[in-house]
Number of protein chains: 2
Amino acid sequence: MVSVNSEFTIAVHSLVLLAYRPDRMATSEMIAANVCTHPARVRKVLSCLKKTGYVATREGSGGGYTLACEPGEVTLAEIYRVTSIGSIKPSWCSGDVEEDCLVACNMADVMDGIFSEAESRMLTFLEQMKITDVLERLRAAHAAKP
Amino acid sequence: MVSVNSEFTIAVHSLVLLAYRPDRMATSEMIAANVCTHPARVRKVLSCLKKTGYVATREGSGGGYTLACEPGEVTLAEIYRVTSIGSIKPSWCSGDVEEDCLVACNMADVMDGIFSEAESRMLTFLEQMKITDVLERLRAAHAAKP
DNA sequence: CTTACTGTTATTATAAATGTTACAGATTAA
DNA sequence: TTAATCTGTAACATTTATAATAACAGTAAG
């Protein structure tokens with residue numbers, strides 16, 4: 001089975017958590033505890049979100065991560081493009097370019113195109129989902145519990 | 001990185017190959033050579049397509065797989081549903097249901113819902129792609145080569 | 001100058017995917 | 001009825017991908 005990069009999940013979770021916190025800031029350790037992973041992994045994903053301007057960081061004592069974007073304006077599509085574009089395509093490839101057979105030698109390319117198109121359909125959906133929408137859903141899920 | 005189950009690729013490749021062949025039949029060994037995998041893997045995937053009626057099999061000498069559907073009517077969405085539904089969702093889950101935090105304890109569920117919707121958008125695209133369309137693309141890719 | 005952070009790399013552990021072997025059961029043909 | 005050929009399936013081995021962990025340089029605050 002293949003799937004979407006879990007760094008996408010970590011990125012979204014981190015941004016939502018920052019947006020949820022009144023001061024909009026947290027350390028990698030706090031985020032890692034909430035996400036359930038290792039702080040170093042959080043730092044790796046967030047350093048990527050820093051480069052693209054979604055979070056700001058401050059090193060040193062009292063430092064950490066702060067939200068550097070409007071959660072009501074950032075879509076999951078943007079985050080997906082930054083963290084996981086191309087990830088729905090399986091790493092395993094069918095066929096062999098060296099073969100004579102029309103099917104065998106072109107299948108990898110053709111499937112590649114199909115996966116790209118499928119991914120872009122997925123992106124049109126993620127385009128509509130904003131960080132605040134995820135928060136909204138979290139609240140709804142919470143309210144629905146007994 | 002996570003991605004779509006590669007059994008989807010094998011299933012599509014096998015069906016396209018059967019549709020391509022004049023007699024519309026082949027053994028697992030022939031298909032495996034074309035796909036570039038082990039015959040046992042092909043048999044596993046195709047036994048699933050047999051149960052759902054897309055191929056027919058004959059055991060014993062002279063046996064093998066034959067196409068049991070109209071390649072111009074079967075969509076990749078049907079094949080995806082049979083082989084890989086749910087596979088875009090990463091196996092790794094963020095958060096922890098036992099936590100008090102609104103974000104931590106509901107994120108897994110919420111992301112699950114988002115992945116399901118994203119997958120269904122992908123399916124509306126695959127709904128339009130038929131086995132014959134894939135063959136078409138293979139021929140186009142072949143013609144485009146120098 | 002000590003403490004608390006990020007940024008990054010390297011290493012190890014774990015999980016998942018794929019390949020391979022093996023054999024029972026079915027069918028054909030000699 | 002025996003030999004050959006094929007599917008169906010399970011068990012096991014191998015490879016690859018993913019995630020966790022450790023380590024440390026660099027930075028800022030107090």
Side-chain angles (χ1 to χ4, degrees), chain A residues 1-11 13-14 18 23 25-33 35-52 54-68 83-84 86-96, chain B residues 1-11 13-14 18 23 25-33 35-52 54-68 83-84 86-96:
Chain A
M1 214 142 66
V2 193
S3 62
V4 174
N5 200 322
S6 63
E7 291 185 9
F8 173 68
T9 303
I10 294 174
H13 190 138
S14 303
L18 287 173
D23 57 359
M25 63 181 304
T27 65
S28 64
E29 198 171 358
M30 293 160 72
I31 296 170
V35 167
C36 279
T37 186
H38 201 275
R41 198 168 182 217
V42 170
R43 293 202 289 272
K44 192 184 165 207
V45 173
L46 291 205
S47 84
C48 172
L49 292 185
K50 179 200 180 178
K51 280 169 195 153
T52 42
Y54 296 105
V55 300
T57 68
R58 221 178 49 231
E59 297 184 13
S61 180
Y65 298 89
T66 58
L67 201 61
T83 59
S84 311
S87 71
I88 72 157
K89 196 187 119 189
S91 51
W92 189 89
C93 264
S94 170
D96 177 358
Chain B
M1 211 139 72
V2 194
S3 61
V4 173
N5 200 322
S6 63
E7 291 184 9
F8 173 66
T9 302
I10 294 174
H13 190 138
S14 302
L18 287 172
D23 57 359
M25 64 181 302
T27 65
S28 64
E29 197 170 357
M30 293 160 72
I31 297 171
V35 167
C36 277
T37 187
H38 201 274
R41 199 166 180 221
V42 170
R43 292 203 289 271
K44 192 184 165 208
V45 173
L46 291 203
S47 86
C48 172
L49 293 184
K50 178 198 180 177
K51 278 169 195 151
T52 43
Y54 296 104
V55 299
T57 67
R58 222 178 48 232
E59 296 184 11
S61 181
Y65 298 89
T66 57
L67 201 61
T83 59
S84 310
S87 71
I88 71 155
K89 195 186 118 190
S91 51
W92 190 88
C93 265
S94 170
D96 177 0

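All values derive from a computational prediction rather than experimental measurement. Below, read A as the first sequence line, B as the second, and so on, with proteins coming before strands; counting in each chain starts at 1.
- B:S94 meets the side chain to side chain donor-acceptor pair (under 3.5 Å) test with A:H13; sequence neighbours excluded.
- With sequence neighbours excluded, the residues forming a side chain to side chain contact (heavy atoms under 4.5 Å, CB included) with A:T66 are A:M25, A:A56, listed by chain and number.
- Contact detail for A:C36 and B:D96: the closest heavy-atom pair is SG-CB, 3.6 Å.
- Taking only side-chain nitrogens and oxygens, A:S47 comes nearer than 4.0 Å to OP1 or OP2 of C:dT8.
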Please tabulate, one pair per line, each protein N/O and nucleotide N/O from nucleotides 20-23 of chain D that are separated by under 3.5 Å, including the distance.
from   : atom 1 : to    : atom 2 : distance (Å)
D:dA20 : OP2    : A:T37 : OG1    : 2.5

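- Listed here is the closest heavy atom pair of A:L18 and A:A26: CD2-N, 3.7 Å.
- Computed from coordinates, the A:L46 CG to C:dC5 P distance equals 15 Å when rounded to whole Å.
- Every residue two or more places apart in sequence or in another chain was checked for a side chain to side chain contact (heavy atoms under 4.5 Å, CB included) with B:A33, and none qualifies.
- Rotation axes derived from the C1' atoms of the five outermost pairs at either end of the helix from C:dC1-D:dG30 to C:dA30-D:dT1 lie 10° apart, to the nearest 10°.
- By the side chain to side chain donor-acceptor pair (under 3.5 Å) test, B:Y65 is found to be paired with no residue, residues two or more places apart in sequence or in another chain being considered.
- The separation between A:K89 atom NZ and D:dA17 atom C1' is 16 Å, rounded to whole Å.
- Between A:K44 and D:dA19, a side-chain N or O to OP1/OP2 separation shorter than 4.0 Å is absent.
- The distance between atom CD of A:E7 and atom P of D:dA17, rounded to the nearest whole Å, is 15 Å.
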Side-chain donor/acceptor pairs under 3.5 Å, residues 57-64 of chain A, sequence neighbours excluded:
from  : atom 1 : to    : atom 2 : distance (Å)
A:T57 : OG1    : A:K50 : NZ     : 3.3
A:R58 : NH2    : A:G62 : O      : 3.0

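- Rounded to whole angstrom, the span from the CD1 atom of A:I31 across to the P atom of C:dC5 amounts to 12 Å.
- Note: B:S87 OG to B:E7 CD = 9.5 Å, rounded to the nearest 0.5 Å.
- The phosphate of C:dC5 has neither OP1 nor OP2 within less than 4.0 Å of any side-chain N or O from A:S28.
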Hey, what are the protein-to-nucleotides 27-30 of chain C N/O distances that come in under 3.5 Å?
from   : atom 1 : to    : atom 2 : distance (Å)
C:dT27 : O2     : B:S61 : N      : 3.1

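- Tested against A:I10 for a side-chain contact (heavy atoms from CB on, under 4.5 Å), the candidates A:N5, A:V45, A:T83 yield a single pass: A:V45.
- For the pair B:F8 CZ and C:dT18 C1', the computed distance is 19 Å after rounding to whole Å.
- A straight line from NZ of A:K50 to P of D:dG26 spans 16 Å, rounded to a whole angstrom.
- For the pair A:I31 and A:L46, the tightest heavy-atom approach, listed with the atom from each and the gap, is CD1-CD1, 3.8 Å.
- Take A:S28 and apply the side chain to side chain donor-acceptor pair (under 3.5 Å) test, not counting sequence neighbours, and it matches A:R43.
- In this structure, B:M30 places its CE atom 13 Å from C1' of D:dC6, rounding to the nearest Å.
- Residue B:T57 has a polar side-chain atom (N or O) positioned under 4.0 Å from OP1 or OP2 of D:dG8.
- Side-chain nitrogen and oxygen atoms of B:T27 include none within less than 4.0 Å of the OP1 or OP2 phosphate oxygen of D:dT7.
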